[in-house]
Amino acid sequence: MKAVALTAFPRTLGRRAGAKRLRAEGRVPAVIYGRQAKPQNLEIDRKALENLIHHSVTENLLVDLAVDKDARPKRLALVQEVQHHALSGEVLHVDLHEVSETEKVTIMVPVETLGEAAGVKNSGGVLEHVLFKIKVRALP
């Protein structure tokens with residue numbers, strides 16, 4: 001999987017009022033967590049994040065995260081969850097899970113069928129999908 005570059009900034013404003021102010025300024029509150037470090041509150045530019053989400057081919061996004069003014073210049077992270085507003089669809093919050101390049105991760109991958117089954121094509125059968133996602137364990 002190819003990692004996509006994304007820039008984040010440490011978040012100084014906390015709680016509900018701080019998150020509202022961030023969203024009004026065009027930023028999205030986020031959090032990154034993982035085994036190597038403690039959870040850290042971040043803020044990400046809304047346009048860059050929406051561009052990343054809308055142009056992705058799959059729901060499993062691997063991000064090469066650069067946190068401004070941080071001890072570690074680059075972090076590899078999976079987008080764990082994206083919270084949207086129920087009516088407007090606006091991105092409200094993002095959870096990022098920091099991963100290591102040498103450690104295996106378990107993710108759900110969508111199953112996509114290719115071509116047309118012989119029974120459906122020749123005999124008028126109906127194709128039933130039993131699995132829509134499968135669990136895969138691999139290196140990022």
Side-chain angles (χ1 to χ4, degrees):
M1 191 183 308
K2 183 179 175 186
V4 181
L6 186 66
T7 304
F9 303 94
R11 183 171 49 167
T12 55
L13 300 173
R15 305 281 181 197
R16 187 174 185 167
K20 283 185 177 183
R21 189 175 303 149
L22 278 178
R23 291 186 194 105
E25 294 172 357
R27 297 190 177 270
V28 176
V31 65
I32 185 168
Y33 51 86
R35 287 187 183 184
Q36 287 80 17
K38 295 172 78 172
Q40 182 181 6
N41 292 329
L42 302 172
E43 56 187 63
I44 302 171
D45 182 50
R46 176 184 293 130
K47 289 188 179 186
L49 184 64
E50 287 178 350
N51 192 20
L52 175 76
I53 292 170
H54 292 301
H55 287 98
S56 67
V57 178
T58 180
E59 58 192 42
N60 299 315
L61 293 172
L62 189 62
V63 177
D64 194 13
L65 189 68
V67 180
D68 192 41
K69 299 175 185 173
D70 195 32
R72 292 185 294 166
K74 295 281 185 181
R75 296 181 184 186
L76 194 62
L78 282 168
V79 176
Q80 192 73 29
E81 183 181 6
V82 179
Q83 297 175 7
H84 295 274
H85 189 272
L87 299 176
S88 67
E90 177 185 350
V91 178
L92 295 178
H93 191 270
V94 178
D95 287 350
L96 300 166
H97 184 212
E98 187 175 358
V99 294
S100 172
E101 292 180 0
T102 58
E103 189 175 322
K104 291 185 177 184
V105 294
T106 304
I107 57 173
M108 297 297 285
V109 178
V111 176
E112 296 180 8
T113 57
L114 296 176
E116 194 170 4
V120 173
K121 186 176 183 179
N122 299 330
S123 303
V126 177
L127 179 65
E128 290 187 28
H129 290 278
V130 179
L131 289 175
F132 292 98
K133 292 184 180 182
I134 58 172
K135 192 181 288 189
V136 175
R137 183 167 172 82
L139 294 174

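Nothing here was measured: the structure is a model prediction, and the numbers come from that model.
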**Asked** At their closest point, which heavy atom of D45 faces which heavy atom of G26, and how far apart are they?
**Response** OD1-O, 3.5 Å
**Prompt:** Between E59 and K133, is there a side-chain N and carboxylate O pair less than 4.0 Å apart?
**Reply:** yes
**Message:** For I44 versus T7, what's the shortest heavy-atom pair and its separation?
**Reply:** CG2-O, 4.0 Å
**Message:** With a 4.5 Å cut-off on side-chain heavy atoms, are Y33 and Q80 touching?
**Reply:** yes
**Message:** Tell me if the CZ atom of R21 is crowded by more than 12 foreign heavy atoms within 6.0 Å.
**Reply:** no
**Item:** Exercise: identify the closest heavy-atom pair between V99 and L62
**Value:** CG2-CD1, 4.3 Å
**Asked** Hey, does F132 have a side-chain heavy atom less than 4.5 Å from the side chain of V111?
**Response** no
**Message:** With heavy-atom distances below 4.5 Å as the criterion, would you say the side chains of P10 and N41 are in contact?
**Reply:** no
**Prompt:** Would you say E101 has more than 12 foreign heavy atoms packed within less than 6.0 Å of its CD?
**Reply:** no
**Message:** So does L87 get a backbone contact from the side chain of H85, meaning a donor-acceptor N/O pair under 3.5 Å?
**Reply:** yes
**Message:** I want to check something: taking the side chain as every heavy atom from C-beta on, are E43 and P29 in contact at a cut-off of under 4.5 Å?
**Reply:** no
**Item:** Side-chain H-bond candidate by donor/acceptor type, D95 with H97, under 3.5 Å
**Value:** no
**Closest heavy-atom pair and its distance - A66, K74** = CB-NZ, 4.0 Å
**Asked** Can you name the closest pair of heavy atoms from E103 and P140 and give their distance?
**Response** O-CD, 3.4 Å
**Prompt:** With a 4.5 Å heavy-atom cut-off, do L61 and L78 have their side chains touching?
**Reply:** no
**Salt-bridge contact R75-D70 (side-chain N to carboxylate O under 4.0 Å)** = yes
**Complete:** Taken to the nearest 0.5 Å, the spacing of D64 CG from L6 CG works out to 9.5 Å
**Item:** Partner of E90 by side chain to side chain donor-acceptor pair (under 3.5 Å), out of H84, R46, Q83
**Value:** R46
**Within 6.0 angstrom of E116 CD, more than 12 heavy atoms from elsewhere** = yes
**Asked** Is any side-chain heavy atom of V79 less than 4.5 Å from a side-chain heavy atom of L96?
**Response** yes
**Message:** Using side-chain heavy atoms (C-beta onward) and a distance below 4.5 Å, is E50 in contact with V91?
**Reply:** yes
**Prompt:** Can we say E98 and R35 salt-bridge, meaning some charged N sits less than 4.0 Å from an Asp/Glu carboxylate O?
**Reply:** no
